[in-house]
Amino acid sequence: MEKVVILLRQHIGAPCQPIVNVGDEVKRGQLIATPTGLGANIHASVSGVVNEISEFSIIINAFDEQPKDFVPIKATDDYLEAIKEAGVVGAGGAGFPAHVKFKVDLGGGYFIANAAECEPLLGHNIAVLEENPELIIRGIKYIMKIVNAKTGYIAIKVKHLKAIKIINKALKPEDHITVKILPDMYPAGDERVIVREIVGQELEPGQLPSALKAVISNIETVKNVTLAIEERKPVIDKDLTVAGRVRNAEEGMVFLNVPIGYPVKKFIEKAGGYVEPYGEIVLGGPFTGKHGEEDAPVTKTLGGIIVSMPFPKDVRKVGILACECGAQEERLREIAKAMGAEVVAEKKCKRMVEVNGRWRCEKPGVCPGQAATVIDLKKAGAQVILAGTCSD
Ligand code: SF4
């Protein structure tokens, strides 16, 4: 029996409260935890027996034979309620509960499906678009109806030419959805860059797209909306890309619809196993991912499992240069530590400003030269620079 770990916090907000007990037999799709405030329902991704419950997770001993089907969410004609019941959250990383985000009246504004697949190596969102564009188009139409948007967009980088052709072929004039091409740069998938490219106006740091009558969700979130409404399917499966120093996945191998809760090492092994030597496992994309362990479970928001190159062993003094859209100070310090290097100074990109206690970028993607900041770091004793900035 494999152990499947379902985290109780897979979203922005407080951890969910378990509604099952140790020893209970659960079925794939069964509701097992509910929010205590801002949050989203959590369902069993496998059939099995509840083995352990802690404040962080519910561990299920999965039966050897697993069904493909699932316990459906309760029947409802209300789209927003279906999304809530299914526990849909932003699958692109943030995990904001979708039923809360979509509870807005845009008064005829825009819904934008984010297909930028912005982080290098990741490919699972584009794979879904190429395999089943209609699934995404229907999802966009459901969301447009919910949020009262007159126009839908699919924002996609120019390099995804095959996907662009497939979507354009699948779209009909009556869909009121247009493909919008994004430049092939990082962070083109940032919400504020997308709003700037599509709506033609700049959001202030910390301002939500709804201020400019727009709502943005990534492709997998849209897919989960369609599945919740049409198939009454809860969010129990995840799309992933495995990449890096993995035997068959150097350029990225996509896994679609894997049950949430299995350890990431299972997918590294499925992709051929490690290429030795390697540095660390990164959970997320190369720019914004975090260090992870082999037994970390797949969650509703995990997109990338990247095995990095070995850390250069460099004991020179390090200066850190952080970026809102790339690696931030904490992550850069983590990398310096893994290199065995001492951090002697830290600076942020000069476009970063503090808004409500959080450092934000004033103009994501319009990246300045960092020469002056680098000189400052050198003056503070840095011999080498670790930069999380997007360019320069
Ligand atoms: S302007 Fe600075 S903080 Fe903003 S995205 Fe570019 S490098 Fe990052």
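Note that the structure is a prediction, hence the values are computed from the model and not measured. Order of appearance sets the numbers: ligands from 1, and atoms from 1 within every ligand. By convention here, the first residue in the shown sequence is residue 1. All heavy atoms count here, side chains included; hydrogens, waters and symmetry mates do not.
- Between Phe111 and Phe102, the ring planes are perpendicular. Angles over 60° get that label, and only those under 30° would be called parallel.
- Residue contacts with ligand 1 include Gly365, since one or more of its heavy atoms lies under 4.0 Å from the ligand.
- With a 4.5 Å cut-off on side-chain heavy atoms, Met253 and Val246 do not count as touching.
- At a threshold of 4.5 Å between non-hydrogen side-chain atoms, the residues Asn51 and Met1 do not count as touching.
- Side-chain contact annotation: Glu294 with Tyr274, donor-acceptor N/O pair under 3.5 Å present.
- In the model, Asn257 has no side-chain atom that pairs as donor or acceptor with a side-chain atom of Lys68 under 3.5 Å.
- For atom 2 (Fe) of ligand 1, the choice among Cys349, Ala387, Gly388 with the nearest heavy atom turns out to be Cys349.
- Residue nearest to atom 4 (Fe) of ligand 1, selected from Gly326, Cys361, Ala327: Cys361 (by heavy-atom distance).
- Within ligand 1, counting atoms from 1 as listed, the ones closer than 4.0 Å to a heavy atom of Glu324 are 3 (S).
- Residue contacts with ligand 1 for Met352 involve side-chain atoms from C-beta outward but no N, CA, C or O (heavy atoms, distance under 4.0 Å).
- Cys367 lies close to atom 6 (Fe) of ligand 1, since one of its N, O or S atoms is found at a distance under 2.8 Å.
- Residue contact check: Cys325 has heavy atoms under 4.0 Å from atoms 5 (S) of ligand 1.
- A heavy-atom separation below 4.0 Å is found between Pro368 and ligand 1.
- The two atoms that bring Asp184 and Lys157 nearest to each other are OD1-CD, 3.6 Å, heavy atoms only.
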